[in-house]
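Both ligands and their constituent atoms are indexed starting at 1 by order of listing. We number each residue from 1, following the sequence as shown.
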Amino acid sequence: MIVGVPTEVKPDEYRVAITPIGVRELTEHGHQVLIQKGAGEGSAISDSDYEAQGARIIEGAAAVFAESEMVLGVKEPQPQEIGMLRPGQTLFTYLHLAPAPELTKGLCESNAICVAYETVEDGQGRLPLLAPMSEVAGKIATQAGAFMLEKPLGGRGILLGGVPGVPPANVMVIGGGAVGLHAASIAIGMEADVFVYDVSLEKLRELDVAFAGRASTVFSSTLSIEEKLPLMDLVIGGVLVHGARAPHVITRKQLGLMKAHAVLVDVAIDQGGCFETSRPTTHGDPTYEVDGIIHYCVTNMPGAVPITSTYALTNATLPYVLALADHGVVEAARRDPGLKFGINVADGKVTHPAVAEGVGMEYVPPDAVLGIGAPDAEVPGSRGAGATAAHAIPNGN
Ligand SMILES: NC(=O)c1ccc[n+]([C@@H]2O[C@H](COP(=O)([O-])OP(=O)(O)OC[C@H]3O[C@@H](n4cnc5c(N)ncnc54)[C@H](O)[C@@H]3O)[C@@H](O)[C@H]2O)c1
């Protein structure tokens, strides 16, 4: 298969969808890799690093899209990229379609098969391609929140960890998944008083053990959040209902309960935001104020630390990229039912139920559109990353 990697064009996005490690693996599997000139520069990967492992460097995104059977990305396609997609071509990237009806329509019109990193599941129903970026974003959320709490940046002017004789700041983390765990870990490390909220008792039990008494776990509800909000200096939102638009866990009215110039960090902004007053921001202009509360809502937080994020992302995506290149999307999804959940749009139809609900379009199961069906025979370890990295089977797409 011909696999293409264009340069990311979202503002302040420095990640790239493949490293020389991935180029080497794909070429050893008999595939061709096209990289847009300069695509790796933001992540400190030169064209010659890619070439040394067998990639061909080509000029311009249009040529990459035109020549590739599968296009790998990091962020959702930007308006100028949607028109470059071709019918039947596979796009494998983050999409976050539930809050994005225009983008969803554009992808449907392209007739490409669009597979979203964030809805691929493993054998336990977890999200293996979202997790690495959530780990990064969770850690940044606390760093950014601590910074924005400084007075010259508009915050209350409180140090997260306090000092001897002066108490630390209070940090509320809503959603105790990958984002929440990592945000809370950094807040604990910075010696803040930390409260983690989740609706899953199982998750709260795991966190309670992981934190070993250094943070409080709280069952999340309107009342339990409201009771503690007046005490909070920093609130980090990392809730997720798989594929769906984020639920609002803090309303505009509830901002009135908070201390003036407290900080909200909405990590779930890529799924529409979990605070009613959230709207997307960029690294260049990350915050705004509503009713005296500072909002930080950057949609591509890991993009700021590409040297960490590119490798964290591609470590997770590579086994799936190999499976898609070796077998084509239909056979790869047949062998790995978790990958099937990643197919959000195919042949002009929305093929993920939560996305369809989010954008108000009809849901058509991917099996009906692509004829995936069940695996012909049990493939050992077929659920989850790396399951289908069989060398010998040629392209199926
Ligand atoms: N802004 C960015 O740059 C960026 C980067 C990475 C991830 N994200 C986003 O962060 C969000 C969280 O990702 P994750 O990997 O941590 O997800 P996750 O599935 O690991 O965790 C989400 C948690 O939210 C909990 N939850 C759901 N509804 C809740 C509610 N009403 N109240 C409290 N908890 C609730 C779930 O039980 C789960 O434990 C996603 O929307 C993801 O796309 C954003």
Side-chain angles (χ1 to χ4, degrees), residues 10-15 74-76 94-100 116-122 124-141 143-145 172-185 195-207 210 217-226 228 235-251 264-276 278-283 286 295-306 308-309 312-313 316 354-355 358:
K10 190 164 173 139
D12 294 317
E13 182 54 72
Y14 304 104
R15 286 172 288 180
V74 177
K75 288 311 285 182
E76 69 280 0
Y94 285 116
L95 290 174
H96 299 291
L97 294 181
Y117 292 157
E118 74 276 8
T119 59
V120 171
E121 295 192 7
D122 67 12
Q124 282 77 48
R126 294 173 306 205
L127 306 173
L129 304 188
L130 183 63
M133 294 303 92
S134 294
E135 290 160 3
V136 174
K139 290 191 170 185
I140 294 179
Q143 285 181 192
M172 174 186 278
V173 179
I174 310 179
V179 165
L181 170 64
H182 289 82
S185 304
F195 302 81
V196 185
Y197 287 64
D198 206 292
V199 286
S200 158
L201 275 182
E202 198 187 331
K203 186 65 71 182
L204 292 176
R205 285 194 186 101
E206 282 170 22
L207 293 172
T217 54
V218 186
F219 183 74
S220 188
S221 71
T222 305
L223 183 58
S224 63
I225 290 174
E226 233 172 60
K228 277 274 192 292
V235 179
I236 295 169
V239 306
L240 177 66
V241 179
H242 292 192
R245 191 172 237 289
H248 287 160
V249 291
I250 295 183
T251 61
L264 295 181
V265 175
D266 194 341
V267 186
I269 189 66
D270 53 357
Q271 290 292 134
C274 65
F275 310 134
E276 189 184 1
S278 295
R279 59 172 167 78
T281 61
T282 60
H283 288 290
H295 290 55
Y296 175 103
C297 307
V298 175
T299 51
N300 59 338
M301 294 167 72
V305 289
T308 305
S309 301
L313 175 63
V355 169

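Counting protein heavy atoms only, atom 11 (C) of ligand 1 is closest to V239 O, 3.8 Å. Nearest non-hydrogen protein atom to atom 31 (N) of ligand 1 is V249 CG1, 3.7 Å. For atom 29 (C) of ligand 1, the nearest non-hydrogen atom of the protein is V199 CG2, 3.7 Å. If you check which protein heavy atom lies closest to atom 18 (P) of ligand 1, you get G177 CA, 4.0 Å. Shortest contact from atom 12 (C) of ligand 1 to any protein heavy atom: G238 O, 3.4 Å. Counting protein heavy atoms only, atom 7 (C) of ligand 1 is closest to S134 OG, 3.3 Å. What sits closest to atom 19 (O) of ligand 1 on the protein, heavy atoms only, is L240 CD2, 3.7 Å. The nearest protein atom to atom 16 (O) of ligand 1, hydrogens excluded, is given as V179 N, 2.8 Å; this is a heavy-atom distance.
Within ligand 1, the atoms closer than 4.0 Å to a non-hydrogen atom of S220 are 32 (N), 33 (C), numbered from 1 in the order shown. Proximity to K203 (heavy-atom distance under 4.0 Å) selects the following atoms of ligand 1: 39 (O). Each of the following atoms of ligand 1 lies closer than 4.0 Å to a heavy atom of G175: 24 (O), 34 (N).
Shown here for P247 and V241, the closest heavy-atom pair between the two residues is CD-CG2, 4.2 Å.
A 6.0 Å sphere centred on NZ of K139 holds no more than 12 heavy atoms belonging to other residues, nucleotides or ligands. Annotation for K228: atom NZ does not count as buried by contact number, only 12 or fewer foreign heavy atoms lying within 6.0 Å.
Proximity of M133 to ligand 1 is established by a heavy-atom distance of less than 4.0 Å. Within the structure, ligand 1 has H96 among the residues with a heavy atom less than 4.0 angstrom away. By the 4.0 Å heavy-atom criterion, P302 is counted among the residues contacting ligand 1.
By the 4.5 Å heavy-atom criterion applied to side chains, M133 and L313 are counted as neighbours.
Relative to atom 43 (O) of ligand 1, the option among V298, L127, D270 with the closest non-hydrogen atom is D270. The residue among D198, T299, D266 with a heavy atom at the shortest distance from atom 38 (C) of ligand 1 is D198. When the heavy-atom distances from atom 3 (O) of ligand 1 to H182, H248, M301, Q271 are ranked, the shortest goes to M301.
Legend: residues meeting side chain to side chain contact (heavy atoms under 4.5 Å, CB included) with A304, ordered by chain and number and at least two apart, are H283.
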Scan the side chains in residues 265-275 for donor-acceptor partners under 3.5 Å anywhere in the protein, sequence neighbours excluded, and list what turns up.
unit_1: D266; atom_1: OD1; unit_2: A268; atom_2: N; d: 3.1
unit_1: D266; atom_1: OD1; unit_2: I269; atom_2: N; d: 3.4
unit_1: D266; atom_1: OD1; unit_2: C274; atom_2: N; d: 3.3
unit_1: D266; atom_1: OD2; unit_2: C274; atom_2: N; d: 2.7
unit_1: D266; atom_1: OD2; unit_2: F275; atom_2: N; d: 3.2
unit_1: D266; atom_1: OD2; unit_2: S278; atom_2: OG; d: 2.6
unit_1: D270; atom_1: OD2; unit_2: H96; atom_2: NE2; d: 3.3
unit_1: Q271; atom_1: OE1; unit_2: H96; atom_2: ND1; d: 2.6
unit_1: Q271; atom_1: NE2; unit_2: A244; atom_2: O; d: 2.8

